[in-house]
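Proteins come first, then strands; the chains are lettered A, B, ... in the order of their sequence lines, and each starts at number 1. None of the values given here were measured: they were computed from a predicted structure.
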There are 2 protein chains.
Amino acid sequence: MLTVSVENYLKAILHLQVEGGDRVSTTSIAKKVASTPASTSAMLTKLGERGWVEHRPYHGVRLTTKGHRVAMDILRRHRLWEYFLVDRLGFEWDEVHEIAEELEHVDSKELINRLDAFLGFPKLDPHGDPIPGPNGRFRSVAARTLLAEAPRNLELVVVGVVDGGDPFLRHLGVLGVQLGTRLTVMERHAFDGSLHIKFAETEEVQMLAPSVAERLWVDQSNPSPIIVFPETEDA
Amino acid sequence: MLTVSVENYLKAILHLQVEGGDRVSTTSIAKKVASTPASTSAMLTKLGERGWVEHRPYHGVRLTTKGHRVAMDILRRHRLWEYFLVDRLGFEWDEVHEIAEELEHVDSKELINRLDAFLGFPKLDPHGDPIPGPNGRFRSVAARTLLAEAPRNLELVVVGVVDGGDPFLRHLGVLGVQLGTRLTVMERHAFDGSLHIKFAETEEVQMLAPSVAERLWVDQSNPSPIIVFPETEDA
DNA sequence: TGAATTATTTAGTCAAGGCTAAACTTTAGT
DNA sequence: ACTAAAGTTTAGCCTTGACTAAATAATTCA
Ligand SMILES: [Mn+2]
Ligand SMILES: [Mn+2]
Ligand SMILES: [Mn+2]
Ligand SMILES: [Mn+2]
């Protein structure tokens, strides 16, 4: 479904869309991915057919909601790998782009979420560019993840709620969950995304409905300090 | 030159060659890479033309020296990534094969050598299979690397010499190098592979000829403990 | 407004890597 | 030794993602 080539085009379109206006031209995309306008035109037709872009012939292209989400995921992978290469493997900031350009295409949600946790949920890549979160949006305030999307086998701490309404907060009380609760995702069930979680305090294992998991922000239980790097212009 | 497909075929041939006899059949390769004998036959012709295998039509194929080296490099990457996924990201031993199957195709010598060092030069992957070293051969005794192939910016310790002859040992004396000397590779010069190294003790920077760097075994200065995992049959 | 310029698409081709069906070797069994 | 079975290659076709050259649309400018 998502080939390396398609992913590179979508990421290029996202970049151009963020920089310039909202419609991006065939030629500019061709330049970005280092191919010809003819090849790009063919690709844009395909991206349009598959619902990743809205393509008005002769008038460029715009990412659909779906396409935007996919492109943000690729950007997330790219920047997390860059962070890893610099922060853990000791590469210089100017040596990592090409390698990340390949690593970004390894497609495994579990891999990238675990890498994210391993790195301490960094907010900025080595070039000072923001790293999208698991929800496909840039991290706003603090490093945090929806419990519904957090990796398994890692001790987490509840740092916030998406829905602060009374009914939900009351329900959390029933479940024994509050801010600061430490827990680990033991199992994620494919059927509906419900979770088996274990509370760190009591060692008790409990089932959690997706409606709850989708409304809880969590963070790694002992986060690493966040390191900020100098800025540059590339991805 | 080396596409993902070619790499997968070469690795499959290496596996079959290690398991069974030295010539491996078209059908067995087809099975291993999950394609058809017809497609495999075409690929084997190509691998033969490019000098990676010796192909006798109707009588199977054998890796050339060159092909064997390439396949061992792929195996090295595969197993190092598996080790990383289990040891650092907390995956289970039975969750990592598919992901490593993709990661192994990210081709950067510097990346894989740094990853190796980061992991403490592990000898066995999470399945108990040996991890080839940077020289394309299985690691014999201890985790060690040729200085000529060691990553930069990492403190190393000299743990052995490849050539134990008197002239070389005397030359080491002149250079101020002996077993236990701790040093860091500052720069590797593309021209002939000579190195700028810095001695940890004296902070002194010195040039080292490739003829020396190729004869010194080094290890990470503070190696992590080596963890041994249960055995299984897959890669 | 009517070229001239620029941007984009279409047409035609190619290489890599798959596939199925058919032909052809090799091997095994009697 | 000859034939049946099994293994391998060849022939013909397909998809993806490139390319160049030519046609067509959009834009700019006199
Ligand atoms: Mn890329
Ligand atoms: Mn970047
Ligand atoms: Mn693979
Ligand atoms: Mn393995």
For [X] and [N], is the shortest distance between a side-chain N/O and OP1 or OP2 below 4.0 Å?
X       : N      : answer
A/Arg50 : D/dT16 : yes
B/Thr3  : C/dG17 : yes
B/Tyr9  : C/dA16 : no

What does B/Thr45 touch in the nucleic acid at a heavy-atom separation under 4.0 angstrom: a base, only the sugar-phosphate, or nothing?
nothing
So what does A/Arg23 hit on the nucleic acid, given a heavy-atom distance under 4.0 Å: a base, only sugar-phosphate, or nothing?
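No contact.
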Closest of D/dA18, C/dG18, C/dA16 to the B/Lys46 side chain is C/dA16
Hey, does the Lys NZ or Arg CZ of B/Arg88 hover above the aromatic six-ring of A/Phe84, less than 6.0 Å from the centre and inside 45° of the axis?
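No, B/Arg88 does not lie over the aromatic ring of A/Phe84.
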Would you compute the distance between atom CG of A/Leu195 and atom OG1 of A/Thr184 and round it to the nearest 0.5 angstrom?
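Rounded to the nearest 0.5 Å, the CG-OG1 separation comes out at 12.0 Å.
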Pairing residues for B/Asn153 by the side chain to side chain contact (heavy atoms under 4.5 Å, CB included) criterion, not counting sequence neighbours
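Partners of B/Asn153 by the side chain to side chain contact (heavy atoms under 4.5 Å, CB included) criterion, ordered by chain and then number, come out as A/Glu92, B/Arg114.
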Evaluate whether atom CZ of A/Arg137 has more than 12 neighbouring non-hydrogen atoms of other residues, nucleotides or ligands under 6.0 angstrom away.
no
What is the distance from CG of B/Leu16 to P of D/dG7, rounded to the nearest Å?
15 Å
Could you list all the salt bridge (Lys or Arg N to Asp or Glu O under 4.0 Å) pairs where at least one residue sits in residues 29-49 of chain B, not counting sequence neighbours?
B/Glu19-B/Lys32
In terms of heavy-atom contacts, A/Val96 and A/Glu82 come closest through CG2-CG, 3.9 Å
Close N/O contacts between protein and nucleotides 19-27 of chain D (under 3.5 Å):
unit_1 : atom_1 : unit_2  : atom_2 : d
D/dC19 : OP2    : A/Thr36 : N      : 3.1
D/dC19 : OP2    : A/Thr36 : OG1    : 2.9
D/dC19 : OP2    : A/Ser39 : OG     : 2.6

